[in-house]
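Scroll down for the structure; my scribbles are underneath it.
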Amino acid sequence: MTVRVRFSPAPTGYLHVGGARSALFNWMYARHTGGTFILRIEDTDAERSQPHLIDAIRDNLQWLGLDWDEEYRQSDRFHLYRQAADSFLERGLAYYCDCSQDAVKARAEARGESGGYDGFCRERDVQPGDGVVVRFRTPDEGIVAWDDVIRGHVEFENSLLEDFVIVRSSGVPMFHVANAFDDLDMGITHVVRGEDLVNTVPRVLLLRRALGATDQPVFAHLPLIVNEKRQKLSKRRDDVSVGDYAARGFLPEAMRNYLLTLGWGPKDDIEIRSIGEFIEQFELADINKAPAFFDIKKLEHFNATYIRALDAEAFAAASVPFRGSIPDKLFTALAPEIQNRLVRLNEISVLVDWIVGDAPEPDAADWQKVMTKPGVADVLDAVIAGMADCAWTPDALEALVLGVGTDLNAKSQLPVRLAVTGRRAGLPLFEPLAAIDRPIVIGRLRAARARM
RNA sequence: GCCCCGUUCGUCUAGCGGCCUAGGACGCCGGCUUCUCAUGCCGGUAGCACGGGUUCAAAUCCCGUACGGGGUGCCA
């Protein structure tokens with residue numbers, strides 16, 4: 001049996017990390033087994049689906065290096081789902097219902113329940129028309145069960161399932177039908193998705209049987225990715241857009257690698273390695289059941305590690321969108337030192353802004369810590385004097401500044417750094433310093449001296 | 001309310017009855033290297049939710065409790 005898996009996002013928003021993780025695990029499994037990875041856009045809800053988001057999702061998947069072998073859109077296949085619903089109707093497996101949503105709710109409240117359809121129209125022989133939906137007739141007894149690769153045996157009682165809507169009053173089929181039909185039609189062997197979808201399984205399985213299937217796909221419900229409050233990541237309250245991570249200077253390989261450690265881990269404890277090695281080891285059965293916290297700190301560690309591992313050419317290419325106005329030649333000269341200090345690519349500007357443009361105002365606490373030390377005024381005076389006629393090279397500047405420190409028995413590098421760069425941490429000082437015009441450097445030192 | 005599920009260091013995980021006085025990673029703390037910071041290297045910190053069983057032996061199996069989460073749409 002050849003494995004066929006699918007990632008089926010609804011284009012109601014940008015790809016978020018939860019979706020990316022589902023896509024990743026499906027992709028991993030397909031690549032591990034030599035199977036087929038399918039991208040299926042579940043856009044049956046025309047009102048909420050936005051076409052431009054489909055492209056965004058495709059772009060984000062590509063960015064992550066997740067390539068798919070087949071692609072479908074459910075909006076192209078409405079007629080198939082309609083045919084399926086019609087056949088249910090003909091065979092008495094479904095019926096028309098003209099109850100308004102308010103009426104359904106009112107009756108539920110009268111029964112003392114919070115919601116749920118009561119089967120009111122089962123025998124009423126309602127005819128199609130305005131405001132009429134199609135409902136699937138669920139069995140009154142029995143159970144629906146499956147052995148989830150991750151969660152083990154799960155079962156639901158049919159009696160608890162209400163007769164759910166399969167075709168909207170607009171005539172458009174609901175996702176359950178589309179989902180069940182397509183999984184069967186496309187020969188999906190393994191359904192790998194988030195745990196938030198477990199309770200749709202009974203409906204989908206019932207539909208699948210009605211469609212004539214005698215088998216079921218293998219299900220694997222992934223643990224959710226949660227925020228610091230241990231709630232499912234949400235687009236509204238959490239920072240989860242994959243595109244945003246790209247824009248902030250996360251490397252796709254780092255993101256992909258990090259996502260892989262959420263709910264799954266390599267047996268040998270080596271967490272950062274090539275995707276090929278991960279693919280070799282990957283098994284659905286090894287995935288955890290417990291939700292995992294999306295830890296940005298650890299993601300940043302992965303990202304920094306991946307940035308450092310880039311060769312010169314790759315780093316130069318990756319940094320292009322984040323470089324700002326720094327000249328290529330200077331950037332190249334400083335690249336190894338920059339690369340070593342980055343957690344995110346968008347931190348490049350913080351490291352180099354003072355070389356190309358004005359230095360930022362020093363932080364008050366930093367100023368206090370550095371400039372109020374005894375001897376600092378003398379150091380600055382001596383450095384200013386020395387810079388008037390020293391050679392303007394990294395070596396000469398280093399000799400001058402450190403020499404002053406030795407002569408006066410004081411810290412000299414830090415005050416000069418703060419005066420010239422506006423910060424107390426950053427790139428090695430003298431190389432970039434030599435790239436700035438002499439009068440500008442002296443000017444900054446004088447300004448700092450005057451503030452003391 | 002009802003249905004489903006989860007619980008190993010602060011966080012992500014290894015562990016699938018003896019190899020566990022519980023291993024790794026992030027974070028945090030300390031040290032060394034160093035023009036600052038960072039890197040690198042060395043060291044430290046901290047955990048099997050709780051209570052009962054089963055067993056010669058339980059983090060690992062069973063039951064219960066507690067806590068947490070997901071779902072409960074003419075969204076997916």
Side-chain angles (χ1 to χ4, degrees), chain A residues 8-12 19 42-45 47-49 74 97 99-101 104-105 112-117 131-135 148 150-152 154-157 160-162 164-176 178-179 193-202 221 223-224 226 228-232 258 261-272 286 288-302 304-305 308 336-343 351 370 397-398 401-402 405 411-418 421 423-430:
Chain A
S8 19
T12 55
E42 304 220 330
D43 53 352
T44 56
D45 183 1
E47 279 179 27
R48 303 208 316 152
S49 296
Q74 291 190 328
C97 164
C99 297
S100 70
Q101 293 179 68
V104 171
K105 208 169 151 192
E113 293 170 16
S114 55
Y117 183 69
V132 174
V133 300
V134 178
R135 287 184 184 275
D148 198 286
I150 298 169
R151 325 204 80 79
V154 184
E155 53 182 51
F156 287 79
E157 282 184 46
L160 265 10
L161 277 181
E162 63 187 78
F164 54 93
V165 174
I166 55 174
V167 181
R168 300 170 169 91
S169 56
S170 65
V172 177
M174 298 268 305
F175 82 98
H176 299 106
N179 193 280
R193 21 109 99 144
E195 197 210 328
D196 51 341
L197 266 355
V198 257
N199 66 348
T200 70
V201 175
H221 285 94
L224 261 18
V226 298
E228 61 289 335
K229 285 150 88 179
R230 304 249 118 212
Q231 296 163 319
K232 178 171 91 162
Y258 174 66
T261 67
L262 258 28
W264 179 80
K267 290 268 182 276
D268 56 12
D269 280 337
I270 300 171
E271 288 184 315
I272 296 181
D286 293 335
N288 283 142
K289 305 179 213 291
F293 171 61
F294 187 78
D295 186 355
I296 191 81
K297 277 274 177 43
K298 190 153 181 177
L299 203 212
E300 286 179 336
H301 170 258
F302 276 48
T305 304
R308 268 182 256 120
E337 298 291 357
I338 293 173
Q339 191 171 352
N340 203 27
R341 263 158 269 255
L342 294 175
V343 166
L351 290 171
V370 175
L397 287 166
E398 176 170 356
V401 173
L402 298 188
K411 293 257 185 204
S412 59
Q413 187 265 154
L414 211 44
V416 171
R417 171 182 291 278
L418 191 65
T421 75
R423 299 189 179 88
R424 50 179 311 209
L427 259 17
L429 232 203
F430 306 109

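Each chain gets a letter, A, B and so on, in the order its sequence line appears, and its residues count up from 1. The shown structure was predicted, so the numbers you read here are calculated from the model rather than taken from an experiment.
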Categorize A:Lys267 for me: base, sugar-phosphate, or nothing, with a 4.0 angstrom heavy-atom threshold over every strand shown.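 Sugar-phosphate only.
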If you look at every strand shown and take non-hydrogen atoms under 4.0 Å, does A:Leu427 touch a base, only sugar-phosphate, or nothing?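 Answer is base: heavy atoms of A:Leu427 come under 4.0 Å of a base.
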Taking side chain as C-beta onward, heavy atoms only, is A:Glu337 less than 4.5 Å from A:Leu351?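 SC-SC contact between A:Glu337 and A:Leu351 ruled out.
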Looking at the base of [N], is there any donor atom on it, or on the side chain of [X], that sits under 3.5 Å from an acceptor on the other one?
{"X": "A:Arg48", "N": "B:C75", "answer": "yes"}
{"X": "A:Asp45", "N": "B:A76", "answer": "no"}
{"X": "A:Thr12", "N": "B:C75", "answer": "no"}

My understanding is that a pair needs two contacts under 3.5 Å, Watson-Crick or G-U wobble. By that rule, which nucleotide pairs with [N]?
{"N": "B:C35", "answer": "none"}
{"N": "B:G51", "answer": "B:C63"}
{"N": "B:A25", "answer": "B:U11"}

5' priority, RNA chain B, between A:Glu398 and A:Val198 [closest heavy atom]: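 Per heavy-atom nearest nucleotide, the more 5' residue is A:Val198.
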Taking atom C1' in both B:G68 and B:C50, what distance in whole Å separates the two?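 It works out to 15 Å between them.
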Sugar-phosphate or base contact per nucleotide [nucleotides 21-28 of chain B; S, B, -; heavy atom under 4.0 Å]: --BBBS--
